[in-house]
Amino acid sequence: MSGWLSRRMAERGIIKEEDREIYQFGIRNGFIMLLNIATAFLIGLFTEQLLVVYVFTVSFMMLRSFTGGYHCDSRLFCYIGSNLVLFIPVYTGSLFVRMPVPAVLLTLAAALGIVLALSPMNSKNRKLDQTEKKHFGRRARVTAALQTAVFFLLRHLGYPDCSYAVYSCICIISVCMLAGKIQLYIQLHMDK
C-alpha cells in the first residue's frame with residue numbers, strides 16, 4: 001500500500017521520483033503507528049481500561065522515542081510485543097496499589113537510573129554521533145523527569161491506575177534498554 005501511495009504521489013507531481021523511497025518508508029511507518037494506536041484503543045475498550053492504556057501509550061511513545069533500547073527484527077513481533085505490553089498496566093495495577101511505598105520508590109529510582117545512564121542507545125544499524133547523543137540524551141532526561149513528576153502528581157491526586165501506567169512505562173523502558181544493551185553486545189560480538 002505504501003508503495004502504491006508513494007508511486008501515485010510521484011505520478012501526480014506531489015513528490016519527486018527520487019524521494020519516493022523515503023516517502024514510502026514514512027508512509028509505511030505512519031500506517032504501522034496508526035495500526036498500533038487503533039489496537040491500543042481496542043485493547044483499552046475491551047479491558048475497560050481506556051484511560052490507563054492511553055496514559056501508558058502516550059508515556060511509552062514519548063520516552064521510548066528518545067531512549068532507544070531493544071528492537072525486534074520483525075515488524076510482526078514488534079507489533080505483537082508492543083501491544084502485549086499494554087496488558088501490564090491493565091492487569092497488574094492491583095499489585096501496584098498493594099506495594100509498599102519504599103518498594104515503589106526504589107524500583108522507580110532504579111528504572112530512572114537505567115534510563116538516564118543508558119539514554120540514548122545506539123543500535124547495530126544506527127550509530128548516533130555526538131550531537132545526536134547530546135540531543136536525544138537531553139530529551140530523554142527531560143521526558144523522564146516530566147513523567148516522574150506526572151507519576152507523583154497522579155498518585156497524589158488519587159489516580160493510582162494512571163500513576164501506575166506511568167510507573168510501569170518507565171520500568172518497562174528500562175528493561176527494554178537493558179535488553180537492548182545485551183542485544184547490541186551479542187550482535188557486535190557475533191560479527192567478529
Side-chain angles (χ1 to χ4, degrees), residues 36-37 39-72 77-123 128 132-187:
N36 277 321
I37 290 170
T39 305
F41 178 76
L42 291 174
I43 289 170
L45 279 179
F46 288 127
T47 61
E48 297 178 356
Q49 295 287 324
L50 191 57
L51 185 59
V52 170
V53 170
Y54 174 78
V55 170
F56 178 85
T57 301
V58 169
S59 298
F60 194 85
M61 288 173 68
M62 287 175 58
L63 187 55
R64 175 88 162 136
S65 64
F66 300 120
T67 61
Y70 176 78
H71 288 282
C72 294
F77 285 124
C78 181
Y79 170 76
I80 292 169
S82 296
N83 288 293
L84 284 177
V85 81
L86 294 173
F87 290 102
I88 293 172
V90 168
Y91 288 114
T92 61
S94 61
L95 299 173
F96 172 71
V97 175
R98 293 183 294 209
M99 278 177 68
V101 173
V104 170
L105 295 178
L106 282 173
T107 54
L108 180 62
L112 280 169
I114 292 166
V115 168
L116 297 177
L118 298 180
S119 292
M121 288 183 62
N122 290 315
S123 71
L128 301 171
E132 291 171 320
K133 282 184 180 181
K134 187 176 180 181
H135 171 76
F136 289 117
R138 185 179 322 115
R139 294 275 176 112
R141 287 187 294 278
V142 168
T143 304
L146 288 173
Q147 287 187 358
T148 303
V150 168
F151 161 75
F152 283 112
L153 179 66
L154 289 170
R155 191 171 169 99
H156 177 73
L157 293 175
Y159 296 100
D161 292 343
C162 291
S163 68
Y164 178 66
V166 176
Y167 168 87
S168 60
C169 161
I170 296 169
C171 292
I172 290 168
I173 286 178
S174 70
V175 170
C176 287
M177 294 186 79
L178 290 173
K181 205 61 154 164
I182 293 167
Q183 179 188 39
L184 186 59
Y185 179 83
I186 291 169
Q187 287 172 340

Is any side-chain heavy atom of S168 closer than 4.5 Å to one of F56?
yes
| Expected output: side-chain T57 to main-chain Y54 donor-acceptor under 3.5 Å | no
Value for CE (M61) from OG (S82), rounded to nearest 0.5 Å, stands at 10.0 Å
Heavy-atom closest pair (S163 atom, L154 atom, distance to 0.1 Å) is CB-CB, 3.7 Å
- Can you find a heavy atom in the side chain of I114 that is under 4.5 Å from one in the side chain of L178? yes
- Query: Any side-chain heavy-atom pair from T67 and L118 closer than 4.5 angstrom?
  - Reply: no
Taking every heavy atom of V90 against every heavy atom of L86, the minimum-distance pair comes out as CG2-O, 3.4 Å
Checklist line | Beyond-backbone contact of T39 with Y79, side-chain heavy atoms, under 4.5 angstrom | finding: yes
dist L146:CG -> L153:CG (nearest 0.5 Å) comes out at 11.5 Å
Rounded to the nearest 0.5 angstrom, the CD-CG distance for Q147 and L63 is 5.0 Å
Residue pair M177 / S119, side-chain heavy-atom distance below 4.5 Å:
yes
- Query: Is the closest side-chain heavy-atom distance between I172 and C176 below 4.5 Å?
  - Reply: yes
Item to check | Side-chain donor-acceptor contact under 3.5 Å, T107 with Y167 | outcome: yes
d(K133 NZ, M121 CE) to nearest 0.5 Å is 11.0 Å
In this structure, CG of L50 is separated from CG of L42 (nearest 0.5 Å) by 10.0 Å
When every non-hydrogen atom of A40 is compared with those of V53, the smallest separation belongs to O-CG1, 3.3 Å
TODO: Give the ring-plane orientation class for F96 versus Y164, where under 30° counts as parallel, over 60° as perpendicular and anything between as tilted.
DONE: tilted
Practice item. Verify, without hydrogens or angle tests, whether R155 (side chain) and Y159 (backbone) share a donor-acceptor contact under 3.5 angstrom. Key: no
